[in-house]
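Bear in mind that the values here come from a model prediction, so they are computed numbers and not experimental data.
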Amino acid sequence: MNKTPNPLTRRKFLSLAGSSALAVSLSGANVIGANEKLRVGIIGGGIRSLTLTGQFWNLPGVEVAAICDPDKAQFASLIERVKKRWDIDISKVDYYQDYRKVYARKDIDIAVICAPNHWHTLMAIQAMEAGKDVYLEKPVTHNIWEGAQLLAAEKKYGKVVAAGTQNRSDPGIINGFQYVREGNLGKILSIHACCFKNRSSIGDPLAKPLVPPKTMDYNLWLGPAQDLPIMRPSIHYDWHWIWNTGDGDIGNQAPHEIDMLCWLLGDPKLPNRISSFGGRFGWNDAGETPNMHTAWYVQNGVPCYIEVNDLWLAPDRNSPSMRDKVRIGNVIRCEGGELRGGRGGMYAVGEDGKTTIQKFPGDSGKNHAQNFIDAVRAGSSKGLRAPLKHSVKSAAIAHYANVSHRAGGDAMEKRLRNQVKDDKILNTILDEQSAQLKSWGIDKPKYTRGQVLRIDPKTGNLRNEGLESLVRPAYRGKFKVPELA
């Protein structure tokens, strides 16, 4: 799709005219006309780009003008995957290895960022600096410190920035939450964010570091992350399970469920304490992040739980147990029943926990990208369903859980139970995990009992000492995230 840009776009016309009266008559220079085509650059050619390429391609008045990935093989694969899923030919879309060449193009209005987590903040800030509006995949940050820098950049450059937390556009969740807010189930007693996945080991640690493929510009793939030996068999996707580049599933899938939790509670201030326990069990592989990870805290007076479980029920039996029949989503426990579900729909059950009393069909947030485009055309973030300020908070909660885990110490199950003995929900989680781990031949699991973090709810800063390197890790060379806040 090497189309010649319109030589006289509305923005250029206003610039050439040099008339403030004309600008006022057209409702301001930041508003883009409904008939003006918006050109998008997709930054990242991995799994998430498959969905986003098709979604933005099919929006009226939007053109996917460029796709970028530091690995040429990723683009070649994306061509085939997009053709198969969307019946779209992207082979003639301009391709770049270096995302900065996309940002340098004046005819590209929007950066859709779906690169690995460690790139999210820097790419978003640089996109805003280059005059682009931004659609940023979750988690919008890779660590706690980046949140303030990202929000400062949004304020400095005045661009529209939306997060890829598409649950906020799902009518099933919108209507389900409204049902609870109206008091139909009584007072909220607790919220349980669930993430049960059927994942597998990423393979034994390599004897020698992995050599990046010749199709990849490894320096650009690595970017802000440290140049550490890659000891896993696959470079792509499995970066999620390495702290240098990823955040585990509590920072991969769970940000959606954490964001739902915050949204239901009215996007309040951050909690003032968070605790955790977890571990990487059963696989003995090259991964670093926990495959069982539970965190808990209180927000707006409501006890909140995040439960991540990536381990199969047994080595030969997948499908982890579902929390109250919810595999990925939220369980909102109330005085008069529960609201259950997530992306694609929710349903309410009565006090018996079995009888469905109301259903809320969803569409998986299919209009989320359109909501972002509408905001870009309006030149304002006010209409965004997933504004950056909310997504920075939900990402921060995932990061706190990870910092708690990484700063923690070993604890056998018996000792852990003594520490959480007064919490029925945490004990239920441990009961189920105990049975699951026994199926893996693990009778005496050694957990990591996370350090209890003390948080300033206004600033998000930790009051714990000695955790600076986990809050703000070092960046590499010229790929440093700028300090803007």
Side-chain angles (χ1 to χ4, degrees), residues 1-3 37-97 99 102 108 110-117 119-120 123 134-139 162-173 195 197-200 213 215-216 221 234-240 249 252-253 255-256 318 327-329 342-345 361-373 385-386:
M1 184 178 285
N2 298 305
K3 296 182 180 180
K37 183 159 295 224
L38 291 170
R39 291 177 173 81
V40 171
I42 306 286
I43 313 299
I47 290 177
R48 189 63 190 138
S49 62
L50 169 62
T51 298
L52 293 173
T53 298
Q55 287 180 339
F56 279 94
W57 185 288
N58 286 317
L59 293 179
V62 175
E63 176 186 328
V64 176
I67 296 175
C68 170
D69 194 279
D71 188 352
K72 295 178 182 178
Q74 286 283 84
F75 180 60
S77 170
L78 186 63
I79 292 172
E80 298 302 318
R81 288 181 283 130
V82 169
K83 178 66 175 176
K84 182 177 180 180
R85 175 171 173 180
W86 298 98
D87 194 23
I88 292 170
D89 181 9
I90 64 169
S91 61
K92 290 183 171 51
V93 172
D94 292 338
Y95 165 73
Y96 301 91
Q97 275 191 297
Y99 72 99
V102 179
I108 290 183
I110 293 168
V112 174
I113 299 171
C114 46
N117 295 8
W119 261 115
H120 285 184
M123 281 184 171
V134 178
Y135 183 99
L136 182 58
E137 264 306 318
K138 53 75 204 164
T165 47
Q166 64 267 37
N167 290 346
R168 291 198 181 224
S169 292
D170 190 319
I173 302 173
C195 174
K197 307 284 281 191
N198 286 320
R199 298 202 184 277
S200 299
T215 55
M216 172 185 282
W221 183 87
S234 176
I235 195 167
H236 292 302
Y237 195 78
D238 289 344
W239 53 260
H240 278 295
D249 240 350
N252 175 39
Q253 173 61 49
H256 286 298
N318 65 6
R327 185 184 301 280
I328 299 175
R343 187 180 310 160
D363 64 6
S364 298
K366 69 178 184 179
N367 293 318
H368 196 60
Q370 182 64 63
N371 171 253
F372 166 65
I373 292 298
R385 298 193 188 107

Audit row: N371, R168, side-chain contact (heavy atoms from CB on, under 4.5 Å) steps and yes/no: CA-CA 10 Å; N371 171 253; R168 291 198 181 224; over 6 Å; no

Results of side-chain contact (heavy atoms from CB on, under 4.5 Å) for P139 - residues two or more places apart only: N117, H120, D247, P255, A395

side-chain hydrogen bond (donor to acceptor under 3.5 Å, both in side chains) partners for N167, two or more places apart: R343

Residues in side-chain hydrogen bond (donor to acceptor under 3.5 Å, both in side chains) contact with R85, at least two apart in sequence or another chain: T51

Any donor-acceptor pair under 3.5 Å from H236 side chain to I47 backbone: no

K197 vs I328 side-chain heavy atoms within contact, under 4.5 Å: yes

Inter-residue atom distance N318.CG - R199.CZ, 0.5 Å rounding: 13.0 Å

Selection residues 68-83 - residue pairs positive for salt bridge (Lys or Arg N to Asp or Glu O under 4.0 Å), sequence neighbours left out: K83-D87

Set of ring-ring contact (aromatic ring centres under 6.0 Å, His included) partners for F56, sequence neighbours left out: Y135

Qualifying residues under side-chain contact (heavy atoms from CB on, under 4.5 Å), relative to I88, sequence neighbours excluded: W57, N58, V82, W86, I90

Test item: Q166 and H256 side chains (from C-beta on) under 4.5 Å apart, heavy atoms: yes

Intermediate values then yes/no, side-chain contact (heavy atoms from CB on, under 4.5 Å), S49 and L78: CA-CA 8 Å; S49 62; L78 186 63; 3.5 Å; yes

Donor-acceptor contact present, side-chain W119 to main-chain C114, <3.5 Å: no

Criterion side chain to side chain contact (heavy atoms under 4.5 Å, CB included) against I110, the qualifying member of V134, I373, V62: I373

Spacing of CG belonging to D170 relative to OG belonging to S364, to within rounding of 0.5 Å: 5.5 Å

